[in-house]
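These values consider heavy atoms only, across backbone and side chains, with no hydrogens, waters or symmetry-generated copies.
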Amino acid sequence: MTQPCAACGGTGFGIRVRADGTSEAVVCECRRAAEVRSRLARARIPRRYDHCTLEAFEPQNPTLEAALQVARAWVERWPLVEHGLLLVGPPGTGKTHLAVGIARALIESKGARVLFCEQREVLKSLQGTYDAGSAQTEAEVLAPIVEAEVLVLDDLGAGRMTGWARDVLHDVIVARYNELRPVLLTSNYPPEAEDLPRGPVDPVEALTLRDRLGDALMSRIYEMCRTVGFAGEDYRRGVLHARHRF
């Protein structure tokens, strides 16, 4: 059995004496910590990213250092932010780490209601609602995604992008746009053709985010988000893979 907090006896509140000698009830730190744990659980951040904080992000080049500074400034300014963030760059350069780090900082320091989603999982969940006997409706799947104060949508443009998938993403982003709720987007795809590497490129790697999402959705994202570029080698392959021992 967990022992009650020594400071508040399990009530969640303590007593503080003001400078004028009067007393007031204040929220105990144990209750604050419990509230943070609850918000983190509701954010649905995968266990894989438990280590991802802004403090643990280690920039390996100037683009990553600049991205970290943008992230810190965005957290500091929230909720008075005028835009979301679109984090784009090759796989393994730290986009998801930084997005999760922002999410954690908002939850821990500002009590924000944040939700982490991976694009393909969102689309799969919605497709599941069309099955007979589904436990959830389409509206029930979309409600937390639309209503979260900050939405982290990871791996934008991944998977099979049908017209239906584009329509779903457009509806989500427009709904959040209309309610002034920001999005933090990550994508492995460069936004435009001019962002592609020079020289011969594999046809699959030559696809842009505009190719994947279409002009209408891309236009809306540009309006809603500041684009933050990431460059560098794949950290998973170059560093994490090298640490494996058998």
Side-chain angles (χ1 to χ4, degrees), residues 35-50 52 78-79 81 83-88 91 95-104 106-107 110-189 191 204 207-225:
E35 289 174 350
V36 167
R37 289 194 297 271
S38 177
R39 292 190 200 102
L40 284 170
R42 293 196 298 271
R44 305 181 193 172
I45 298 171
R47 290 181 60 191
R48 170 68 65 184
Y49 305 127
D50 280 351
C52 294
W78 190 89
V81 292
H83 53 70
L85 299 175
L86 169 62
L87 312 181
V88 294
K95 302 181 300 296
T96 301
H97 183 141
L98 202 61
V100 170
I102 293 172
R104 287 185 179 279
L106 291 174
I107 292 169
K110 300 202 172 184
R113 291 185 296 105
V114 181
L115 182 65
F116 177 98
C117 296
E118 198 272 335
Q119 177 197 282
R120 283 172 291 195
E121 290 303 314
V122 171
L123 297 177
K124 287 178 184 177
S125 296
L126 284 172
Q127 288 173 333
T129 66
Y130 306 145
D131 296 337
S134 172
Q136 281 188 302
T137 65
E138 181 177 346
E140 288 171 335
V141 171
L142 287 176
I145 297 171
V146 170
E147 294 171 4
E149 287 181 309
V150 178
L151 174 67
V152 178
L153 187 56
D154 193 40
D155 218 3
L156 185 65
R160 185 165 174 263
M161 291 303 302
T162 63
W164 171 80
R166 291 191 187 99
D167 287 344
V168 168
L169 294 173
H170 187 275
D171 290 347
V172 166
I173 288 174
V174 168
R176 295 190 60 82
Y177 169 82
N178 289 338
E179 296 301 322
L180 301 178
R181 294 171 181 151
V183 290
L184 301 175
L185 309 173
T186 77
S187 181
N188 294 332
Y189 292 95
V204 175
L207 291 174
T208 66
L209 199 54
R210 183 179 291 277
D211 293 329
R212 304 290 291 159
L213 302 181
D215 293 341
L217 183 52
M218 200 66 215
S219 177
R220 182 67 75 180
I221 289 172
Y222 278 138
E223 183 179 2
M224 290 182 66
C225 296

Where do [X] and [Y] come nearest, in terms of heavy atoms and distance?
X	Y	value
Tyr222	Pro191	OH-CB, 3.3 Å
Cys225	Val183	SG-CG2, 3.6 Å
Val146	Ala175	CG1-CB, 3.8 Å
Trp78	Ala112	CH2-CB, 3.5 Å
Ile107	Ala43	CD1-CB, 3.8 Å

Check: [X] side chain, [Y] main-chain N or O, donor-acceptor pair, under 3.5 Å:
X	Y	result
Ser187	Val88	no
Asp167	Trp164	no
Arg220	Val174	no
Arg176	Pro182	yes

(message) For residues 137-160, which residue pairs pass the salt bridge (Lys or Arg N to Asp or Glu O under 4.0 Å) check, not counting sequence neighbours?
(response) Arg120-Asp155

Mind checking whether [X] and [Y] have side chains closer than 4.5 Å, heavy atoms only?
X	Y	result
Val122	Gln119	no
Leu126	Leu142	yes
Asp211	Thr208	yes
Leu151	Val172	yes
Ser219	Glu223	no

(request) Answer yes or no: are there more than 12 heavy-atom neighbours, outside Arg166 itself, under 6.0 Å from its atom CZ? (result)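 More than 12 heavy atoms, drawn from other residues, nucleotides or ligands, come within 6.0 Å of this atom.
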
If you measure from [atom1] on [X] to [atom2] on [Y], what distance do you get to the nearest 0.5 Å?
X	Y	atom1	atom2	result
Leu153	Thr186	CG	OG1	7.5 Å
Arg181	Asn178	CZ	CG	10.5 Å
Leu85	Lys95	CG	NZ	14.0 Å
Glu118	Thr96	CD	OG1	9.0 Å
Met218	Leu213	CE	CG	6.5 Å
Ile145	Phe116	CD1	CZ	12.0 Å

(request) Would you sort out whether Val114 and Arg39 count as a side-chain contact (heavy atoms from CB on, under 4.5 Å), showing the intermediate values? (result) CA-CA 8 Å; Val114 181; Arg39 292 190 200 102; over 6 Å; no

(request) Go through Asp50 and Arg104 one step at a time and tell me if the side-chain contact (heavy atoms from CB on, under 4.5 Å) criterion holds. (result) CA-CA 10 Å; Asp50 280 351; Arg104 287 185 179 279; 3.5 Å; yes

(message) With side-chain contact (heavy atoms from CB on, under 4.5 Å) as the criterion, how do Val100 and Val152 come out once you've worked through the C-alpha distance, each side chain's angles and the decisive distance to 0.1 Å?
(response) CA-CA 8 Å; Val100 170; Val152 178; 5.5 Å; no

